[in-house]
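Chain A is the first sequence line, chain B the second, and so forth, proteins listed ahead of strands; every chain is numbered from 1.
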There are 2 protein chains.
Amino acid sequence: MKEVTTRDQIVAVADQMFYQQGYENTSFADIANAIGISRGNFYYHFKTKDDILEAVIDRRLQDRKDMVAQWDADEESPEIRICKFIDILIVNGEKIKKFGCPIGTLSSELAKLNHPNQDGANALFGLFQAWLRCQFVALGREDDADYLAAHLLARSQGVAMLANAFQDDEFIRREVEQMHGWVAAQAALPGRGATGNC
Amino acid sequence: MKEVTTRDQIVAVADQMFYQQGYENTSFADIANAIGISRGNFYYHFKTKDDILEAVIDRRLQDRKDMVAQWDADEESPEIRICKFIDILIVNGEKIKKFGCPIGTLSSELAKLNHPNQDGANALFGLFQAWLRCQFVALGREDDADYLAAHLLARSQGVAMLANAFQDDEFIRREVEQMHGWVAAQAALPGRGATGNC
DNA sequence: GACGATTTAGGACAAATGTCCTATTCATTG
DNA sequence: CAATGAATAGGACATTTGTCCTAAATCGTC
């Protein structure tokens with residue numbers, strides 16, 4: 001029975017609003033109103049807006065760590081695990097169509113703001129990059145695991161971006177299908193295919 | 001001997017600043033200071049900030065139209081033309097590393113702002129989509145030309161996004177190489193390969 | 001029930017923003 | 001030169017922003 005603290009509420013709502021409206025376009029007042037607390041109370045929990053962003057990024061990092069940990073625990077083949085990553089595009093398809101990828105759009109926004117927390121946002125990319133890398137190593141592709149991970153990350157980002165711009169479900173489905181095929185092809189290439197974890 | 005009007009200066013500087021700092025994060029004062037005109041003078045040329053954005057989008061549209069028109073005029077094969085599109089990633093590599101893709105990041109920002117000019121920004125995507133489509137048709141791939149165009153657009157966007165996040169030149173080069181190979185493979189597939197324009 | 005610490009409400013504050021107005025300067029034309 | 005319209009400067013204006021302060025309320029503990 002975990003109690004929901006005001007701080008948690010703030011971070012949760014900020015997470016959502018930063019995603020849907022952007023970081024800069026979300027004000028203290030927006031978040032306070034959404035929760036139903038006073039603007040002043042805010043300052044007790046977070047001294048600056050940047051502090052909130054940091055907490056939001058930590059939250060997202062934890063979320064994603066939990067997600068890949070769950071995938072790892074599922075004891076499937078690395079190929080299937082990679083496909084679970086790809087399938088995020090379909091599972092979260094509606095939100096992606098409306099708001100893009102939460103990781104990519106945040107990274108892009110902070111880059112333009114030249115924001116001190118850029119590195120934090122990019123750590124989200126790094127998390128998936130490292131995890132995907134492990135999966136490709138497990139597929140026996142240790143030589144270019146880094147590149148394959150980045151490649152898949154980039155393709156996912158591109159699909160999210162165009163899905164957002166064009167509002168196109170069919171395009172997402174088709175790209176996901178293609179990427180599944182690509183993963184299978186990568187898996188078939190070398191002889192190895194070990195299933196051990198990183 | 002084209003005289004450079006104040007209006008042109010405003011649009012040119014706004015174009016650059018919207019790209020480098022984002023639309024919302026660029027103020028009237030920023031643009032005015034960069035040019036050296038008073039903030040008040042601004043209102044004479046543009047009634048609202050949205051009007052400036054519209055002019056910037058028109059400018060970008062014209063720029064890109066001129067670019068593809070030049071490519072079309074070069075009388076090369078569609079395969080080479082498509083590669084010229086891909087090579088934007090290298091030609092503009094430095095800026096892309098710093099600020100991402102000007103089209104993708106604008107589209108993404110306006111989507112989050114739910115801005116009335118979203119359609120304008122997406123027209124930039126549409127321009128390239130249509131042009132790429134023509135090239136794939138010329139390659140004899142009329143059946144899936146739409147999809148191939150969107151696919152390549154998405155891949156480029158993904159590369160730009162990751163290049164921006166990771167500041168990685170080598171990744172750009174490798175992806176561009178891969179895409180060149182992909183285009184060649186697409187060209188080799190069917191027998192046709194007409195070279196006529198759309 | 002009383003006390004101390006935690007949490008909250010409400011508002012103050014300066015700075016910045018988009019918008020808008022007016023007076024002045026500049027350039028063109030008769 | 002005179003006069004008309006275009007272009008510019010400077011600033012007013014209300015609003016919103018992030019930040020910060022203080023007093024009130026709430027809670028746990030003795």
Side-chain angles (χ1 to χ4, degrees), chain A residues 1-58 106 109-110 112-118 120-121, chain B residues 1-58 106 109-110 112-118 120-121:
Chain A
M1 180 88 69
K2 221 175 274 175
E3 104 180 279
V4 179
T5 68
T6 299
R7 198 196 135 95
D8 290 340
Q9 280 188 77
I10 292 174
V11 178
V13 168
D15 188 353
Q16 186 177 251
M17 297 190 105
F18 288 173
Y19 175 37
Q20 300 186 352
Q21 320 182 356
Y23 169 69
E24 228 210 346
N25 192 43
T26 301
S27 68
F28 276 56
D30 286 337
I31 304 173
N33 288 342
I35 305 178
I37 64 175
S38 84
R39 228 168 55 260
N41 185 9
F42 241 98
Y43 188 64
Y44 175 77
H45 297 282
F46 297 96
K47 294 305 173 196
T48 70
K49 201 182 175 188
D50 290 359
D51 289 342
I52 303 183
L53 176 60
E54 201 179 327
V56 165
I57 290 174
D58 285 346
L106 180 65
E109 180 179 5
L110 295 189
K112 283 206 199 296
L113 299 179
N114 204 12
H115 193 281
N117 253 325
Q118 263 171 282
Chain B
M1 179 87 69
K2 219 174 274 172
E3 106 181 276
V4 178
T5 69
T6 300
R7 196 196 136 97
D8 290 340
Q9 281 188 76
I10 292 175
V11 177
V13 168
D15 189 351
Q16 187 176 247
M17 299 190 103
F18 289 174
Y19 175 37
Q20 300 187 353
Q21 321 181 355
Y23 169 68
E24 228 209 345
N25 192 43
T26 302
S27 69
F28 276 56
D30 286 335
I31 303 173
N33 288 341
I35 306 178
I37 62 174
S38 83
R39 229 166 56 262
N41 184 10
F42 238 94
Y43 188 65
Y44 175 78
H45 298 281
F46 297 96
K47 295 304 174 198
T48 70
K49 202 180 172 188
D50 290 0
D51 288 343
I52 303 183
L53 176 60
E54 200 179 327
V56 166
I57 290 174
D58 285 346
L106 181 65
E109 180 178 5
L110 297 189
K112 284 207 198 296
L113 299 179
N114 204 13
H115 193 281
N117 253 326
Q118 263 172 282

What nucleotide among [options] has an atom nearest to a side-chain atom of [X]?
{"X": "Asn41(A)", "options": "dT17(D), dA12(C), dT8(C)", "value": "dT8(C)"}
{"X": "Ile37(B)", "options": "dC20(D), dA9(D), dT7(C)", "value": "dA9(D)"}
{"X": "Thr48(B)", "options": "dT8(C), dT19(D), dT19(C)", "value": "dT19(C)"}
{"X": "Ser38(A)", "options": "dC21(D), dG10(C), dG18(D)", "value": "dG10(C)"}
{"X": "Tyr43(B)", "options": "dC21(C), dA12(D), dT8(C)", "value": "dC21(C)"}
{"X": "Thr6(A)", "options": "dG18(D), dG18(C), dT8(C)", "value": "dT8(C)"}

(message) Go nucleotide by nucleotide along DNA chain C from the 5' end; which of Tyr44(A) and Gly40(A) gets its closest nucleotide reached first?
(response) Tyr44(A)
Nearest whole Å is fine: how far is [N] [atom2] from [X] [atom1]?
{"X": "Asp51(A)", "N": "dC20(D)", "atom1": "CG", "atom2": "C1'", "result": "14 Å"}
{"X": "Phe28(B)", "N": "dT8(D)", "atom1": "CZ", "atom2": "C1'", "result": "16 Å"}
{"X": "Glu24(A)", "N": "dA16(C)", "atom1": "CD", "atom2": "P", "result": "14 Å"}
{"X": "Arg7(B)", "N": "dA7(D)", "atom1": "CZ", "atom2": "C1'", "result": "14 Å"}
{"X": "Ile35(B)", "N": "dA7(D)", "atom1": "CD1", "atom2": "P", "result": "15 Å"}
{"X": "Phe42(B)", "N": "dT17(C)", "atom1": "CZ", "atom2": "C1'", "result": "13 Å"}
{"X": "Lys49(A)", "N": "dT16(D)", "atom1": "NZ", "atom2": "P", "result": "15 Å"}
{"X": "Arg39(A)", "N": "dT7(C)", "atom1": "CZ", "atom2": "C1'", "result": "18 Å"}

Roughly how far, to the nearest 0.5 Å, is [atom2] of [Y] from [atom1] of [X]?
{"X": "Tyr23(B)", "Y": "Leu113(B)", "atom1": "OH", "atom2": "CG", "answer": "8.0 Å"}
{"X": "Ile37(B)", "Y": "Ile10(B)", "atom1": "CD1", "atom2": "CD1", "answer": "4.0 Å"}
{"X": "Asp30(A)", "Y": "Gln20(A)", "atom1": "CG", "atom2": "CD", "answer": "11.5 Å"}

(message) Which heavy atom of Ala14(B) sits nearest to which heavy atom of Ile52(B), and what is that distance?
(response)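 For Ala14(B) and Ile52(B), the tightest heavy-atom pair comes out as CB-CG2, 3.7 Å.
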(message) By the 4.0 Å heavy-atom rule, please label Thr26(A) as base, sugar-phosphate, or nothing.
(response)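 Here Thr26(A) touches the backbone only, sparing every base.
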(request) Would you tell me if any nitrogen or oxygen in the side chain of His45(A) comes within less than 4.0 Å of OP1 or OP2 on dT8(C)? (result) yes
(request) Would you indicate whether the side-chain heavy atoms of Asp50(A) and His115(A) approach each other to under 4.5 Å? (result) yes
